[in-house]
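One-based numbering along the sequence shown. Whatever order the structure lists them in is the order used to number ligands and atoms, beginning at 1. If you're wondering where the values come from, they're calculated on a predicted model, not measured in any experiment.
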Amino acid sequence: MARTFRISRRKALSLAGVSAAAGVGAGILAGRGTPEATATPADPDLLAYPFYGEHQAGIITPAQDRLHFAVFDVDAISRAELIGLLEDWTAAAARMSQGGSAGAFAPDAGPYEAPPEDTGEAMDLGPSGLTITFGFGPTLFTASDGTDRFGIAARRPRALTALPKFSGDMLEDRISGGDLCIQACADDPQVAVHAIRNLSRIAFGRASLRYSQLGFGRTSSTSTAQVTPRNLFGFKDGTANLKAEDPAAVEEHVWVAEGDDQAWMAGGSYLVSRKVRMNVEPWDRTRLSEQERSIGRTKGAGAPLSGGDEFTAPDFGMQGSGGRPIIEEHSHVRLAHPETNGGARMLRRGYNFVDGNDDLGRLDAGLFFICFQRDPERSFIPVQTRLAGSDILNEYIRHVGSALFAVPGGATEGSYVGARLFEA
Ligand code: HEM
């Protein structure tokens, strides 16, 4: 765990012996492709995933309970300063994900007349499964005024362009786009917030926070070992997701391969984020039968309306009385299913959110949808085009934020996330 750090968070230090005995150790697997903890510690606060490896953690890592997602715009800095920021972010993220401090000094140490290097609110907390995942937006490569600020325009992957406008989109610029993103996920909300707060602080003078989103209650499982959670419509979400235990499918649909496009993206993925406002009040006044018809699954078990249990494959050919398909043509699962989309799949990793309420006393609630894929033009874009066109759910949801980021492969120790992008 955090033993290699000069000064780490108190709990990580005090429990070092316990976790070593339990065989829990991020360091044990560091450098391997799959970010997995070696064992589940008795105290979930102690769970730590390796930061370094072939792929960044936070993608096929079992989805944690909490999210703090942050998007930054890079200030007027040089290429060398941008690299310096990525180096600093990498070092801090590696430390924090193992339960260490953001800086070299603990929050209550370091020069007495200087501000502490770590803000301190996670001092008594363990790593709590923290993963920190970095992504690069299209405008990092070519700014909105067309300039190539960092000499990387020629290295922009073909797939990394602004997403098309989908039917019904009501996007707010303020919570869309951005040059850089950081997805911090943890099982303790304060650990996720602490990570983003300290990374923002490190960025000061080099990149500015454009927007950030808190999420609670994962809306997907990314491992077969996880129980399927529920979204704010009360339905199980994540049943038919890509799962880490299916490496062939993950290889095919999540990771960018060496020959796909730009060589520096090998081992990476593309992250799509969509802030989807859910009109929960009208939904809550909708009949159960209509709710199930909209989704195409039962509310309780999450089974397809064609029968079976949660993990039974839906039978889209099954007809009910009057020859109508039992799973409605415009139901969400039918429209999103790979069978309807030429085999397109993605790894969903979204979170519920409630940002208070609006002026009419309605909950400002929804789904902060996140998905990872090898090529958004073959996964998210065609599926969302179909959903935006005729999903029954559209009556109850509104997409208000949107972004696409290239997530490079994982960093090797001593290097930084995205280093291959800047290599000659
Ligand atoms: C508020 C918005 C949304 C809600 C409430 C929602 C809800 C659900 C639910 C309940 C399921 C069934 C359980 C499961 O297999 O996970 C599901 C499946 C799925 N959703 Fe969504 N979803 C939303 C938005 C989206 C978006 C934006 C996309 C991508 C464009 C998407 C893609 C999928 C896919 C690919 C499946 C699996 C379909 C299958 O293979 O059976 N969803 N969603």
How does Thr239 reach ligand 1, by side chain, by backbone, by both or by neither, if only non-hydrogen atoms under 4.0 Å count?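 For Thr239, the contact with ligand 1 is made by both the backbone and the side chain.
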For [atom], the option (of [options]) bearing the nearest heavy atom:
| atom | options | answer |
| --- | --- | --- |
| atom 7 (C) of ligand 1 | Asn231, Thr228, Thr219 | Asn231 |
| atom 41 (O) of ligand 1 | Arg277, His337, Arg230, Met346 | His337 |
| atom 10 (C) of ligand 1 | Lys236, Glu310, Glu339 | Lys236 |

Within a distance under 4.0 Å of any heavy atom of [X], pick out the atoms of ligand 1 and give their elements.
| X | answer |
| --- | --- |
| Ile397 | 1 (C) |
| Leu367 | 1 (C), 2 (C), 3 (C), 23 (C) |
| Phe235 | 10 (C) |
| Phe233 | 5 (C) |
| Pro338 | 40 (O) |
| His399 | 27 (C) |
| Ala240 | 14 (C), 15 (O), 16 (O), 39 (C), 40 (O), 41 (O) |
| Val276 | 1 (C), 2 (C) |

Contacts of Phe141 that satisfy ring pair (Phe, Tyr, Trp, His ring centres under 6.0 Å) - sequence neighbours left out: Trp264
Could you tell me which residues satisfy ring pair (Phe, Tyr, Trp, His ring centres under 6.0 Å) with Phe422, sequence neighbours excluded, listed by chain and number?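 Phe422 satisfies ring pair (Phe, Tyr, Trp, His ring centres under 6.0 Å) with no other residue.
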Any atom of ligand 1 sitting under 4.0 Å from a heavy atom of Met278? yes
I'd like to know whether ligand 1 has Asn241 as a neighbour, heavy-atom separation below 4.0 Å.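 No, Asn241 has no heavy atom closer than 4.0 Å to ligand 1.
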Any sub-3.5 Å donor-acceptor pair from [X]'s side-chain atoms to [Y]'s backbone N or O?
| X | Y | result |
| --- | --- | --- |
| Glu81 | Ser78 | yes |
| Asn341 | Ala344 | no |
| Gln56 | Phe134 | yes |
| Asp261 | Arg158 | yes |

Residue among Arg374, His253, Gln373 satisfying side chain to side chain contact (heavy atoms under 4.5 Å, CB included) with Arg345: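 One option only clears the test, and that one is His253.
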With atom 21 (Fe) of ligand 1 as the centre, enumerate protein N/O/S atoms below 2.8 Å in chain and residue order.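 Counting only protein N, O or S atoms under 2.8 Å from atom 21 (Fe) of ligand 1, the list reads His332 NE2.
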Looking only at protein heavy atoms, identify the closest one to atom 16 (O) of ligand 1 and say how far it is in Å.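 Protein heavy atom with the smallest distance to atom 16 (O) of ligand 1: Gly238 N, 2.5 Å.
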Are Phe166 and His399, when compared by the centres of their aromatic rings, separated by less than 6.0 Å? no
For ligand 1, which is the ligand I care about here, please tell me if Phe380 has any N or O atom under 3.5 Å from one of the ligand's N or O atoms. no
Quick check: does Gln384 get an N/O under 3.5 Å from an N/O on ligand 1?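 No, there is no polar N/O contact under 3.5 Å.
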Is there a donor in the side chain of Asn241 and an acceptor in the side chain of Ser221, or the other way round, less than 3.5 Å apart? no
Side chain to side chain contact (heavy atoms under 4.5 Å, CB included) between Leu367 and Phe233, intermediate numbers included: CA-CA 10 Å; Leu367 167 68; Phe233 284 161; over 6 Å; no
Quick one: side-chain hydrogen bond (donor to acceptor under 3.5 Å, both in side chains) partners of Thr119, sequence neighbours excluded?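 side-chain hydrogen bond (donor to acceptor under 3.5 Å, both in side chains) check on Thr119 returns Glu121, Asn198.
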Which heavy atom of Pro314 sits nearest a heavy atom of Ile327, and at what distance? CB-CD1, 3.6 Å
On the 0 to 90° scale, with breaks at 30° and 60°, tag the Trp283-Phe235 ring pair as parallel, tilted or perpendicular. perpendicular
Arg293, CZ: over 12 other non-hydrogen atoms inside 6.0 angstrom: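 Check passes, neighbour count above 12.
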